[in-house]
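The block underneath contains the structure these notes are about, expressed in structure tokens.
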There are 2 protein chains.
Amino acid sequence: MPGARDLPHPDAASLVLTDVLFALSDPSRLALVRRLAQGPLEVAACQPTGGEVPKSTLSHHLKTLREAGVVRNVPEGRQRYVSLRREDLDDRFPGLLDAVLGTTAEEDPGGSV
Amino acid sequence: MPGARDLPHPDAASLVLTDVLFALSDPSRLALVRRLAQGPLEVAACQPTGGEVPKSTLSHHLKTLREAGVVRNVPEGRQRYVSLRREDLDDRFPGLLDAVLGTTAEEDPGGSV
DNA sequence: GGCATGGTTCGATAATAGTTGAACTATCGG
DNA sequence: CCGATAGTTCAACTATTATCGAACCATGCC
């Protein structure tokens, strides 16, 4: 199996809090994480609900989330599934994700992506 | 009373999650917040435990934290006291601060300020 | 008033992060 | 194998942040 298309993911134990906070500090990324909290999505479905964003831009945000350890991005046939690394996050930073997701997005003028 | 030296602070109800997350996403700011969790400090005492940082740089970080609503900065005689807005944060984002502070800073290569 | 002290604000520069088109890689269906 | 599809990576550009010296502002003390 040449070129297994697997992207690098930090392992659960080595997640860095500030990196996670930074990844979540962008309104568009946070909005996506909220959606991912309800289940995995293929990359194309990670597009903001309303408008469209260039693929490269979306991919860049996914990279930020992935490198921080917030999401996992696995190839599945010709597409990729993006999922929240909930267990790993809960394990490493207990209560953090719940606290972040608990806030019912009253804010975020920018929202989405 | 001219020039009461009061700095603007967002009120509790209008705190924005992403702004708070961003403010906490910097290792030096997070390290300071951890120290403030143990009680207020005058600005000079906000210096990183080891090294020294220019006053303007420190002031800039305090501004970021203050504008996000993470800390309060009140004049007291000729100095200023910086304190964590714990109640406001707990009120607005229940569990967030506890989760962030709960992590016993194993990380953060940069630390401090 | 004059001056030291404690901090903020300004302005310039350096460093990081975001945005995007184009090129590239992999997979699946004829 | 060819083309279409799904995404990532690259490179260039823009925008936001960080850093820090210098100027500035208030307070307290003499």
Side-chain angles (χ1 to χ4, degrees), chain A residues 1-9 16 18-32 40-48 51-68 70-83 108-113, chain B residues 1-9 18-19 21-32 40-48 51-68 71-83 109-113:
Chain A
M1 275 83 209
R5 271 311 50 210
D6 285 317
L7 297 167
H9 291 77
V16 175
T18 49
D19 290 350
V20 171
L21 294 175
F22 181 80
L24 297 175
S25 74
D26 179 78
S28 54
R29 286 191 296 255
L30 180 57
L32 173 56
L41 293 172
E42 48 190 65
V43 172
C46 292
Q47 284 286 352
E52 285 285 300
V53 150
K55 302 198 300 183
S56 52
T57 301
L58 178 57
S59 194
H60 170 263
H61 283 300
L62 291 175
K63 181 180 184 182
T64 301
L65 288 167
R66 175 173 50 81
E67 290 181 339
V70 176
V71 305
R72 190 167 275 126
N73 185 333
V74 310
E76 189 78 16
R78 126 173 57 181
Q79 26 189 48
R80 284 165 176 287
Y81 277 97
V82 180
S83 58
D108 308 346
S112 277
V113 167
Chain B
M1 275 89 203
R5 271 310 51 209
D6 285 317
L7 297 169
H9 291 78
T18 49
D19 290 350
L21 294 175
F22 179 80
L24 298 175
S25 73
D26 179 79
S28 54
R29 287 191 296 255
L30 180 57
L32 173 56
L41 294 172
E42 47 189 66
V43 173
C46 291
Q47 284 285 354
E52 286 285 300
V53 150
K55 302 198 298 182
S56 54
T57 300
L58 178 57
S59 196
H60 170 263
H61 283 300
L62 290 176
K63 183 180 184 182
T64 300
L65 288 167
R66 174 173 52 80
E67 290 181 340
V71 305
R72 191 167 273 125
N73 183 333
V74 310
E76 189 78 16
R78 130 170 55 178
Q79 27 190 48
R80 285 164 175 287
Y81 277 97
V82 180
S83 58
S112 276
V113 166

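Chain naming here is simple, since letters A, B, ... match the order of the sequence lines and numbering starts at 1 in each.
The side chain of A:P54 lies closest to C:dT20, out of C:dT20, C:dG18, D:dA18.
A:L32 CG to A:Q47 CD: the interatomic distance, rounded to the nearest 0.5 Å, is 10.0 Å. Atoms CG and CD, from B:L7 and B:E67 in turn, are 9.5 Å apart once rounded to the nearest 0.5 Å.
A donor and an acceptor atom, one from each side chain of B:R66 and B:N73, are nowhere located under 3.5 Å apart.
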Report summary line: A correct 5'-to-3' footprint of nucleotides 2-10 of chain D, with B, S and - meaning base, sugar-phosphate only and no protein heavy atom under 4.0 Å, is --BBSBBB-

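For the residue pair B:L30 and A:T18, the shortest heavy atom distance occurs at CD2-CG2, 3.7 Å.
Atom pair B:D6:CG and C:dG7:C1' shows a separation of 14 Å (rounding to whole Å applied). Counting to the nearest Å, the C1' atom of C:dG7 and the CD atom of B:E76 are 15 Å from each other. B:L24 has its CG atom 16 Å from the C1' atom of D:dT17, to the nearest Å. Atoms NE2 (A:H61) and C1' (C:dG18) sit 6 Å apart, rounded to a whole Å.
Counting heavy atoms from C-beta on, the side chains of B:D26 and B:H61 come closer than 4.5 Å.
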Requested in this report: Start with the C-alpha gap between A:R80 and A:R5, add the side-chain angles, then the distance that decides, and say whether side chain to side chain contact (heavy atoms under 4.5 Å, CB included) holds.
Outcome: CA-CA 10 Å; A:R80 284 165 176 287; A:R5 271 311 50 210; 3.6 Å; yes

